[in-house]
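All values reported here derive from a predicted model rather than from experimental measurement.
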Amino acid sequence: NMVVTNNSYTNAEDSCAGSGAYDVTSNYTDLQMGDYPKLLHVFAAGNDGRNTCSPYPITFATIKSGYQVAKNVLTVGAIDSNYIPAVFTSRGPVNDGRLKPEIVATGVYVFSTRHAFGYERSNGTSMSSPIVAGVATLLNEQYRKSNGGALPQASLIKAVLCNTAEDLGNPGPDFTFGFGNLNARRAAETIENNRFFISSSTPSTNTITVPANARRLKVMLYWVDTAAAP
């Protein structure tokens with residue numbers, strides 16, 4: 001009955017050799033999410049943004065290998081309170097060219113728990129990832145309220161979080177911000193107002209009614225991908 005996990009850790013090396021690879025851990029994670037389609041794993045992207053992984057410029061291609069590179073997890077980068085990328089945040093692409101991270105959230109000077117029952121200000125994608133995981137949990141709650149207690153697909157929660165994110169940096173998705181900065185209110189409103197379609201048929205046709213004077217229309221097509229070979 002678990003619907004969301006936060007994972008502020010990695011099993012990869014702290015160097016370019018431990019970046020970007022779809023390995024046996026990535027494969028395992030995608031297989032597990034296929035077996036449990038209502039479970040969303042949220043992973044911190046890594047803090048290797050100061051590395052230079054040739055032939056890419058400094059900071060790029062530094063996403064941690066393994067869990068973070070799995071196709072169906074939600075990988076989270078870090079920004080500061082001024083929406084500037086944290087100097088340490090890992091950035092894409094991963095080795096096969098896919099977009100990571102998919103989303104960013106505050107990961108600089110975050111007030112959080114520490115050992116010995118204390119609190120401290122901390123930096124890292126380990127701080128931004130649980131913020132996104134918490135919002136994903138609230139979106140599950142919002143969906144259940146509107147759907148008779150039924151649990152949503154993890155793929156819906158991931159798609160809503162990505163498509164409602166506030167675009168930063170280059171127009172459209174990029175390897176620094178992914179689809180943009182987490183916008184919890186907009187994501188919750190999307191769930192509450194049923195602004196999504198779910199279909200398992202091919203082809204599938206749906207009609208989108210755009211209100212007058214709408215500022216922007218953003219449409220995302222998302223599917224759960226099969227696990228790849230390591």
Side-chain angles (χ1 to χ4, degrees), residues 1-14 16-48 53 60-78 89-105 125-126 128-137 139-140 143 151-163 165 173-175 177-179 182 187 196-202 204 220-230:
N1 295 319
M2 187 178 294
V3 294
V4 177
T5 69
N6 175 69
N7 306 273
S8 293
Y9 59 85
T10 181
N11 68 336
E13 296 181 33
D14 289 330
C16 292
S19 297
Y22 189 99
D23 60 17
V24 291
T25 307
S26 317
N27 169 271
Y28 168 84
T29 307
D30 279 332
L31 285 173
Q32 185 190 74
M33 294 185 71
D35 292 337
Y36 298 92
K38 297 180 181 179
L39 172 62
L40 177 63
H41 290 312
V42 182
F43 274 91
N47 303 321
D48 290 346
C53 296
F60 289 97
T62 55
I63 299 290
K64 303 302 294 185
S65 297
Y67 299 111
Q68 282 79 356
V69 180
K71 296 189 280 186
N72 300 309
V73 305
L74 182 58
T75 305
V76 182
T89 188
S90 291
R91 310 187 194 198
V94 297
N95 289 1
D96 57 19
R98 281 180 296 114
L99 179 79
K100 291 284 181 175
E102 289 98 349
I103 198 170
V104 295
T125 57
S126 290
S128 53
S129 178
I131 294 174
V132 174
V135 171
T137 306
L139 295 186
N140 269 269
Y143 183 93
L151 293 174
Q153 300 289 319
S155 54
L156 172 64
I157 300 301
K158 179 179 176 181
V160 167
L161 286 169
C162 290
N163 201 42
D174 59 59
F175 295 127
F177 299 99
F179 291 95
L182 173 72
F196 55 85
F197 300 107
I198 301 175
S199 177
S200 58
S201 62
T202 305
S204 178
M220 176 178 289
L221 175 64
Y222 183 84
W223 63 91
V224 179
D225 214 344
T226 54

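Closest heavy-atom contact between Leu139 and Leu161: CD1-CD2, 3.6 Å. Contact record, Ser8 with Ser126: OG-O, 3.0 Å, taken as the closest heavy-atom pair.
Between Leu156 and Tyr143, some side-chain heavy-atom pair lies under the 4.5 Å cut-off. Contact annotation: the side chain of Lys71 never approaches that of Val94 to less than 4.5 Å [non-hydrogen atoms, C-beta and beyond]. Annotation: side chain of Met33 is in contact with side chain of Leu40 (closest heavy-atom distance under 4.5 Å). The shortest side-chain heavy-atom distance between Pro101 and Ile63 falls under the 4.5 Å cut-off.
By the 30° and 60° cut-offs, the orientation of the rings of Phe43 relative to Tyr67 is parallel.
At least one donor-acceptor pair under 3.5 Å links the side chain of Arg98 to the backbone N or O of Val69. For Asn47 (side chain) and Thr89 (main-chain N/O), no donor-acceptor pair under 3.5 Å exists by modelled atom type. The closest donor-acceptor contact from the side chain of Glu102 to the backbone of Phe179 lies at 3.5 Å or more, if one exists at all. Looking at Ser65, its side chain does come within 3.5 Å of a backbone N or O of Ala21 through a donor-acceptor pair. Between the Gln32 side chain and the Asn27 main chain, no donor and acceptor come within less than 3.5 Å of each other. Of the possible polar contacts, none joining the Tyr22 side chain to the Asp96 backbone as a donor-acceptor pair under 3.5 Å is found. Panel note: side chain Thr62, backbone Ser90; no donor-acceptor pair is recorded below 3.5 Å. Judged by distance alone, with hydrogens and angles left aside, the side-chain atoms of Asp225 form no donor-acceptor pair with the main-chain N or O of Asn72 at under 3.5 Å.
Between the side chains of Ser129 and Asn6, at least one donor N or O lies within less than 3.5 Å of an accepting N or O. Under the 3.5 Å distance criterion, with hydrogens and angles disregarded, no donor-acceptor pair is assigned to the side chains of Asn140 and Thr137.
With sequence neighbours excluded, no residue forms a disulfide (SG to SG under 2.5 Å) with Cys162.
We find the CG-CD1 distance between Leu39 and Ile157 to be 12.0 Å, quoted to the nearest 0.5 Å. Taken from CG in Asp48 to OG1 in Thr10, the straight-line distance is 8.5 Å, to the nearest 0.5 Å.
Around the OH atom of Tyr28, the shell of radius 6.0 Å holds no more than 12 heavy atoms that belong to other residues, nucleotides or ligands. No more than 12 heavy atoms of other residues, nucleotides or ligands lie within 6.0 Å of OH in Tyr36, so this atom counts as exposed by the packing criterion.
Identified under the salt bridge (Lys or Arg N to Asp or Glu O under 4.0 Å) test for residues 4-14, with sequence neighbours left out: Asp14-Lys64.
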